[in-house]
Amino acid sequence: MEYNHKDIERKWRSKWAEDKTYHVEEDKAKPKYYVLNMFPYPSGAGLHVGHPLGYIASDIYARYKRLKGFNVLNPMGYDAYGLPAEQYAIQTGQHPAKTTEQNIARYREQLDKIGFSFDWDREVRTCEPGYYHWTQWAFCQMFNSFYCAKCGKAMPISHLVERFEKKGSAGLHAACGEELCFSAEEWKAMSEEEKDNVLMNYRIAYLGETMVNWCPQLGTVLANDEVVDGVSVRGGFPVVQKKTVQWCLRVSAYAQRLLDGLETVDWSDSIKETQRNWIGRSEGAEMQFRIDGSEDTFTIFTTRADTIFGVTFMVLAPESELVSRMTTDAQRAEVEAYLDATKKRTERERIADRKVTGVFTGSYAVNPFTQEKIPVWVSDYVLAGYGTGAIMAVPAHDSRDYAFARHFNLPIIPLIEGADVSEESFDAKEGIVMNSPREGVDAGGFSLNGLTVKEAIATTKRYVEEKGMGRVKVNYRLRDAIFSRQRYWGEPFPVYYKNGRPQLVPEHCLPLELPEVTKFLPTESGEPPLGNATRWAWDTVGETVTENARIDNETVFPLELSTMPGFAGSSAYYLRYMDPRNGQALVSPEAAEYWKSVDLYIGGSEHATGHLIYSRFWNKFLFDLGVSVSEEPFQKLVNQGMIQGRSNFVYRIKDTNTFVSKGLAKDYDVTPIHVDVNIVQNDVLDTEAFKAWRPEYATAEFVLEDGKYICGWAIEKMSKSMYNVVNPDMIVEKYGADTLRLYEMFLGPISQSKPWDSNGIDGCYRFLKKAWNLYHKGDDFAVSADAPSKENLKTLHKLIKKVTEDIETFSYNTAVPAFMIAVGELAQQKCAARSVLEPLAVLLSPFAPFFAEELWHKLGHEGTVCDAEWPAFDEAYLKEDSVTLSVSFNGKTRFTLDFPADASKEQIEKETLASEAAAKYLDGKQIVKVIVVPGRIVNIVVK
RNA sequence: GCCCGGAUGGUGGAAUGGUAGACACGAGGGACUUAAAAUCCCUUGGCCAUUACCGGCUGUGCGGGUUCGAGUCCCGCUCCGGGCACCA
């Protein structure tokens, strides 16, 4: 009986669906294991062969863990909100809800064909009210919380109010926008509005006026990770800086915990490093400088406090409030002209063109160590958003300060012995300090001369703190996340405005549903599309709903019209999978306690600074609330590489309709043209299909080589325009899902990017056929009850060992060849023993589930192959009977000796030295040492 | 500029410091066949030798080093990929 993948897969697909084979419930009797894939954006193009790569890898692990006795949660859902879905809807002129629905249906159909063991009863969609209820709920919790730096966690905002009533802001350590200082009396005297403004400064979800990345074409603000090189990641549109009021999440409060948490998770070094860079911790000091001729001071941040004696000027960011305070009347016109010019430059221009620009404010600062006067400048190379927006410039030891000093002819004082600063600055943190202070300069007895840079930094910091000149400070590059988008297709904020002040929609009114609108297109001016809503579905409290607003006691309270960004819905979905239909809570304490956190998370590394940061932040916040039971959401992370497309070309002779095969193309003047890879097999063009592909090729003629038309090829991004998109459906149709699964894993290491190359797929298909034939004799299923031979057992146990190890280490690309070898060996051994073939089917089941299921059924089992047990291997079958020692020197094998397999190194050495062979062949030489590697060749050193 | 990875046949890729190139593809040759498909067998890093059997040399980006032994470890480069970047 032939291996017929179509019948087998159809049969088991419907059986699994009917029986809900992969449905999972909490089961305290079994250990849990949580496998998760990054859920897909259901885009309009459907799945290509790159998408299932991670799903297959995780499915193999899920099935393996199930066979190992674990209760495995392996859910799937859709990240349906956000820019991509909306852009697609706009492009196709349809409502996003409709296109999303269609795309999901298509994804589901494709996913089902591949034989994943997802529990579809737990499916979530971020755009459904039952789901985004909890996205909105989490936002409300963040609004009602502040970050207490003393206890290192989020606390209810009501604690803060109580505290202000008792002590004011004195002694408060909390994450905030700006340090505020007020007494209990002052607090009590504040109006409601003033109090709201103060609290907003501390809330974890807050309304803040910030510089944002504004993208006019997309009609929305974007988070930092959504902008690269001054253009939007999605669409590549220009992004400008704009100061607006936006909802923000105080992610920066969690910077240190986000950094520390990386030590506890099993992620790749590269992705941890990426996150560390993104968080950008830098340890330094904040120092106060007095303004000359005034008692006024300002603060700078530096990581090189040791270079205080080399400060020859100060620089303020153009956006800094200090600028107007420091500008003298004489310099005012010049400074204002500079600020205007700077404002006009976009982020992109600033990156593209790094000209040294700046202007003197007219003021001088006083060096707190030497009392020297230092000119204060303004320049756009200092950023307002980092540190204090002001720096002390040390041109000798900072390349940017150096360029500035050279351009404006400011003094450069070297502080490190042997450093040559005539051509460039010496930025390295090494060497021996000098000129600190220089001769003749009085620093009140303080000196760093002779110390190493490292010692000098520490010494200066200590001194600065002792003398009250400043304090040790840690800065982070990580900024708060901007959380509003002026778009339609996203979660509505559960917020309305009362007298212009934001209020949360009462919890019992959640979810606040996304209303229908007549126009959902974004606007360049930034008016949110939700402004078009004629009706908000907010009848739950029985209150009247009118245009854009809610009437309460006959007052109109407008609702927040922005929506949440794409990352909102994807930040806690792994928690929702634990308890997806719960209407009372995001997740029940019981479910959260059982499933805890994701044990294995698989997805692309492109989410390193987006989703994977936000999600960790969101989880830490929920952990502080006691909702999530684990500080880190994803224990082990595997990043699958991208699958690139392998494009094929035909070569058309110029100005003709004749196409010449690759090998002959060099003899003609040809134009390479992309050809659909689906009509090319092993680089051989199906010429008839080519004629039918496009009307203009109907009359095409070919110059063949060896009767074939050979196409050229190149590795490119998989995209429609290059005709190199390979759809998994076609592979499943032709070879079956099992072959697709095996082949995708065989292609190469999971984390590596690699081109899709359908050339090798036949090999995997052949392997399945060979494996099938092991179980059949002619048309009959033929598995015998005979005892297996020793050889059979050795093959089996070698395989069990290899496959188990490979699955545990995600080396699926080497597990597949192990199967091929084992099946080849068993075929040669003519093995038909059930006690070998049955475990073989189980071992195969994670990789080729349909195939294994069919065999399992034929072997007479009632349940599914998932109920089987992962076979254990026995080292005893793998042992060699003996070790062969072969001694070679001068390029010749001189003699061999056999030893029992369990012989010790010492024993082998001793017996070798004493052997007759040694005496004979090593005539006149003396054996110095015998090197023994268990089960391996041995080396003998002679003298 | 700083921080991570990586480099092995025609191709994808294997190799706890121990016979480099497993396995697969492709290619070449052969068997079966009227023919094709399918299937099976042999060869396949390079160079040399060859009358057959047996061989020889060389070889994991480049240059050094450690070691009885290095694709693997150490030092110095080259090239490629990724992250961060006027972050003080």
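Computed over heavy atoms, backbone and side chain alike; hydrogens, waters and symmetry mates excluded. Only a predicted model underlies this, so the values are computations on that prediction, with no experimental measurement involved.
- With a 4.5 Å cut-off on side-chain heavy atoms, A:Leu747 and A:Asn813 do not count as touching.
- A distance of about 14 Å separates the C1' atoms of B:rA70 and B:rG59, rounded to the whole Å.
- One finds a side-chain N or O of A:Lys769 lying less than 4.0 angstrom from the OP1 or OP2 phosphate oxygen of B:rU39.
- Set against B:rC84, B:rA88, B:rG13, the side chain of A:Asn277 has B:rC84 as its closest nucleotide.
- Taking side-chain N and O atoms only, A:Asn813 has no distance below 4.0 Å to OP1 or OP2 of B:rC23.
- Comparing the C1' positions of B:rG81 and B:rC32 gives a spacing of 49 Å, expressed to the nearest Å.
- Of all nucleotides listed (B:rA24, B:rA88, B:rC84), B:rA88 comes nearest to the side chain of A:Ser282.
- Annotation: side chain of A:Phe289 is in contact with side chain of A:Ile300 (closest heavy-atom distance under 4.5 Å).
- Searching all strands for a Watson-Crick or G-U wobble partner of B:rG12 with both distances below 3.5 Å returns B:rC23.
- Nucleic acid contact class of A:Lys770 (heavy atoms, under 4.0 Å, all strands): sugar-phosphate only.
- Straight-line distance between the P atoms of B:rG26 and B:rG6: roughly 31 Å, to the nearest whole Å.
- A straight line from NZ of A:Lys802 to P of B:rC23 spans 13 Å, rounded to a whole angstrom.
- One can place NE2 of A:His607 at 17 Å from P of B:rG82, the figure rounded to the nearest angstrom.
- Side-chain N/O atoms of A:Tyr381 include none lying less than 4.0 angstrom from OP1 or OP2 on B:rA88.
- Annotation: B:rU44 and B:rA37 have their P atoms spaced 25 Å apart (nearest Å).
- Using a 4.0 Å heavy-atom distance criterion, A:Pro749 is classed as a sugar-phosphate-only contact.
- Base-pair partner of B:rG1: B:rC84 (Watson-Crick or G-U wobble, both distances under 3.5 Å).
- Using a 4.0 Å heavy-atom distance criterion, A:Arg766 is classed as a sugar-phosphate-only contact.
- Although no hydrogens or angles enter the test, the distance criterion places no donor-acceptor pair under 3.5 Å between the side chain of A:Arg477 and the main chain of A:Arg281.
- Using a 4.0 Å heavy-atom criterion, one finds that A:Arg281 contacts no nucleic acid atom at all.
- OP1 or OP2 of B:rG82 has not a single side-chain nitrogen or oxygen of A:Thr274 nearer than 4.0 Å.
- With a 3.5 Å ceiling on both atom-pair distances, B:rG71 lacks any Watson-Crick or G-U wobble partner.
- For the pair A:Arg304 and A:Val453, the minimum side-chain heavy-atom distance is below 4.5 Å.
- Atoms CE (A:Met392) and P (B:rA88) sit 13 Å apart, rounded to a whole Å.
- Separation of the P atoms belonging to B:rG71 and B:rG18 is 10 Å when rounded to the nearest angstrom.
- The separation between A:Tyr765 atom OH and B:rU39 atom C1' is 13 Å, rounded to whole Å.
- Rounded to whole angstrom, the span from the CD atom of A:Gln275 across to the P atom of B:rG5 amounts to 17 Å.
- Residue A:Thr814 has its side chain nearest to B:rA15 when only B:rA15, B:rA24, B:rA88 are considered.
- Using a 90° window around 0 for the glycosidic torsion, B:rG9 falls inside it and is classed as syn.
- Using a 3.5 Å distance cut-off with no hydrogens or angles, the side chains of A:Asp738 and A:Tyr765 do not pair a donor with an acceptor.
- A ring pair (Phe, Tyr, Trp, His ring centres under 6.0 Å) with A:Tyr743 is found for exactly one of A:Phe767, A:Trp756, A:Phe847, namely A:Trp756.
- For the pair A:Leu742 CG and B:rG12 P, the computed distance is 21 Å after rounding to whole Å.
- Comparing B:rC54 with B:rG61, their C1' atoms sit 36 Å apart, to the nearest whole Å.
- Place A:Pro755 and A:Thr303 on RNA chain B by their nearest nucleotides, and A:Pro755 ends up nearer the 5' end.
- For A:Ile821, taking side-chain heavy atoms from C-beta onward, the closest of the listed nucleotides B:rA88, B:rC40, B:rA22 is B:rA22.
- The listed nucleotides are B:rC23, B:rC84, B:rG13; the one nearest the side chain of A:Trp278 is B:rC84.
- Separating the CG atom of A:Asp762 from the C1' atom of B:rC23 is a distance of 16 Å, rounded to the nearest angstrom.
- When both distances must be under 3.5 Å, the Watson-Crick or G-U wobble mate of B:rA35 does not exist.
- Under the Watson-Crick and G-U wobble criteria, each requiring two contacts below 3.5 Å, nucleotide B:rG76 is paired to B:rC62.
- Under the Watson-Crick or G-U wobble criterion, with both distances below 3.5 Å, B:rC40 is paired with B:rG30.
- Using atom C1' as the reference point in both B:rC73 and B:rU16, the two lie 14 Å apart (nearest Å).
- Without hydrogens or angle criteria, A:Ser753 side chain to A:Met642 main chain gives a donor-acceptor distance under 3.5 Å.
- Rounded to whole Å, the separation between the P atoms of B:rC77 and B:rC68 comes to 28 Å.
- When the C1' atom of B:rG13 is taken as reference, atom OH of A:Tyr812 falls 18 Å away, rounded to whole Å.
- The aromatic rings of A:Phe404 and A:Phe408 are tilted relative to each other, their planes meeting at an angle between 30° and 60°.
- Taking the nucleotide of RNA chain B with the nearest heavy atom to each of A:Gly387 and A:Asp269, the more 5' of the two is matched to A:Asp269.
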